[in-house]
Amino acid sequence: MAPASRAEKKASVDVAAWMFNAATSVGIIIVNKALMATYGFSFATTLTGLHFIATTLMTVILRWLGYIQPSHLPVLELIKFMIFANFSIVGMNVSLMWNSVGFYQIAKLSMIPVLCLFEIVFDNIRYSRDTKLSIAVVLMGVSVCTVTDVSVNTRGFVAASIAVWSTALQQYYVHFLQKKYSLSSFNLLGHTAPAQAVTLIFIGPFLDYWLTNKRINAYKYSMSSVMFITLSCIIAIGTNLSQFICIGRFTAVSFQVLGHMKTILVLILGFIFFGKEGLNIQVVLGMLIAVVGMIWYGIASSKPGGKERRSQTTPKQQRHSSDAPEVDAKV
């Protein structure tokens, strides 16, 4: 296959993966909003456990059909990933409860600088000036869209910090494990989903009772609420899988930057389905700024030097290169 054809095929698959992730992520937010607002099912952690049970069933079926091949992931790596992922889920729920919506959104936005720090420290990545500025524009646009009142307290700050760092570690680790152990998205999900399902279903009811003072066994189920729970679980399968696909194909930083397009879609769909009170000039302006930043990031990061790994040279190599005659290269 010609290089141009390979590049076009990769670009097509990248776009398809991103659209899959955007559709499922926005869809599950809309369904969960309806489930919690309309039917009063406020057990977010337990619901996430149900999501991972559904995802585990999907991986079992795919393994039985032969789409998932046997693979190896060390137990220690699985435990570390599970700790990061579960602290992320619990931390986000607690942060939302203890903080204002404004500070909660600021905490979510801070994941991008944290992930950039991980790539700089652990992967030796270098960002160009344009790439850094484009990220700043995205953050500014999304903050204009979503941040209103900002108030913080000590325990809320601690919860937000745990949520941000654990979420960033979890997303960085997805990319790291796929590359290090040559795992496909299906294989990695086959290792991690069962472990998360077991732990979240166990701790979910206790955590939800602590957060909401409601017992899940006292919830009055109806045909409609069960239908929405089932739909949420089905969409969650695609959300979990597409997240692993996207982070595996791109990086955790790109996943977060472009992922804010989902925030904009949620705002738009929320306006369409749940009323117009959330849409005003400030939100529209923030959307426009964020979209410009995302387009700029895509162009800047794809240019030579926009985002690249620093070359690793040994002292011996450096000595040889310093002994060589200098060449004045003009571009």
Side-chain angles (χ1 to χ4, degrees), residues 21 24-25 28-29 32 43-60 68 71-97 104 107-108 110-112 114-115 117-119 122 158-181 183-208 211 232-233 235-253 255-256 259 262:
N21 179 258
T24 54
S25 298
I28 200 169
I29 290 172
N32 288 351
F43 310 101
T45 308
T46 304
L47 182 62
T48 306
L50 294 175
H51 290 168
F52 279 105
I53 289 177
T55 304
T56 300
L57 292 175
M58 182 271 293
T59 61
V60 170
I68 297 181
S71 59
H72 174 67
L73 180 64
V75 175
L76 183 59
E77 299 280 31
L78 177 60
I79 292 174
K80 285 192 288 187
F81 177 88
M82 188 174 63
I83 291 172
F84 299 151
N86 288 349
F87 265 98
S88 168
I89 294 167
V90 174
M92 281 297 178
N93 289 340
V94 175
S95 176
L96 184 58
M97 182 186 74
Y104 175 78
K108 287 180 66 177
S110 67
M111 287 179 200
I112 292 179
V114 172
L115 282 166
L117 176 64
F118 288 165
E119 288 193 348
F122 299 125
V158 171
S161 299
I162 292 173
V164 167
W165 285 88
S166 58
T167 302
L169 281 167
Q170 183 256 343
Q171 293 187 358
Y172 175 84
Y173 225 56
V174 168
H175 190 78
F176 169 79
L177 292 176
Q178 286 185 337
K179 297 299 181 185
K180 182 175 181 179
Y181 297 101
L183 296 171
S184 69
S185 303
F186 288 106
N187 282 332
L188 183 57
L189 203 56
H191 288 291
T192 60
Q196 285 190 262
V198 171
T199 52
L200 289 174
I201 280 296
F202 177 74
I203 67 174
F206 299 100
L207 181 65
D208 289 333
L211 294 175
S232 178
C233 290
I235 298 175
I237 295 173
T239 305
N240 290 330
L241 177 60
S242 62
Q243 179 188 7
F244 280 31
I245 292 174
C246 286
I247 296 178
R249 296 189 68 84
F250 312 117
T251 64
V253 171
F255 179 75
Q256 276 289 332
K262 294 178 287 189

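If you take CZ on F244 and CG on L188, they are separated by 4.5 Å, rounding to the nearest 0.5 Å. Rounded to the nearest 0.5 angstrom, I53 CD1 and I237 CD1 are separated by 11.5 Å. Separating the CD1 atom in I83 from the CD atom in Q170 is a distance of 13.0 Å, to the nearest 0.5 Å. The distance from the CG atom of L117 to the CG atom of L115 is 9.5 Å, given to the nearest 0.5 Å. Interatomic distance, S185 OG to I68 CD1, rounded to the nearest 0.5 Å: 10.0 Å. A distance of 10.0 Å separates CG of L183 from CD of E77, quoted to the nearest 0.5 Å.
Of all heavy-atom pairs spanning C233 and H51, the tightest one is CA-CD2, 3.7 Å. The shortest heavy-atom contact between I201 and T46 is CD1-O, 4.0 Å. The shortest non-hydrogen separation linking A107 to V164 is O-CG2, 3.0 Å. A pairwise comparison of heavy atoms in S242 and N21 identifies OG-ND2, 3.0 Å as the closest pair. Looking at every heavy atom in both residues, P205 comes nearest to L200 through CD-O, 4.3 Å. Minimum interatomic distance between G248 and Q178 (heavy atoms only, all atoms of both residues): CA-OE1, 2.7 Å.
None of T55, T24, T56, T192 except one satisfies the side chain to side chain donor-acceptor pair (under 3.5 Å) rule with N240; the exception is T55.
Two rings, from W165 and F118, have their centers less than 6.0 Å apart.
Side-chain N or O atoms of D208 include one that pairs as donor or acceptor with a backbone N or O of T45 at under 3.5 Å. A distance-only check finds no donor-acceptor pair linking the side chain of S88 to the backbone of F84 [under 3.5 Å].
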- side chain to side chain contact (heavy atoms under 4.5 Å, CB included) evaluation trace for L177 with H191: CA-CA 11 Å; L177 292 176; H191 288 291; over 6 Å; no
- Candidate pair H175 and F255, rule side chain to side chain contact (heavy atoms under 4.5 Å, CB included), full reasoning: CA-CA 11 Å; H175 190 78; F255 179 75; over 6 Å; no
- Query: Could you go step by step and tell me if T199 and I203 meet the side chain to side chain contact (heavy atoms under 4.5 Å, CB included) rule?
  - Reply: CA-CA 6 Å; T199 52; I203 67 174; 5.5 Å; no
- Where do Q171 and T167 land on the side chain to side chain contact (heavy atoms under 4.5 Å, CB included) test, with the steps shown first? CA-CA 6 Å; Q171 293 187 358; T167 302; 3.9 Å; yes
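Annotation: side chain of V174 is in contact with side chain of F81 (closest heavy-atom distance under 4.5 Å).
The environment of CZ in F176 is crowded: more than 12 heavy-atom neighbours from other residues, nucleotides or ligands sit within 6.0 Å. For Y181, the OH atom sits in a packed shell: over 12 heavy atoms of surrounding residues, nucleotides or ligands are nearer than 6.0 Å.
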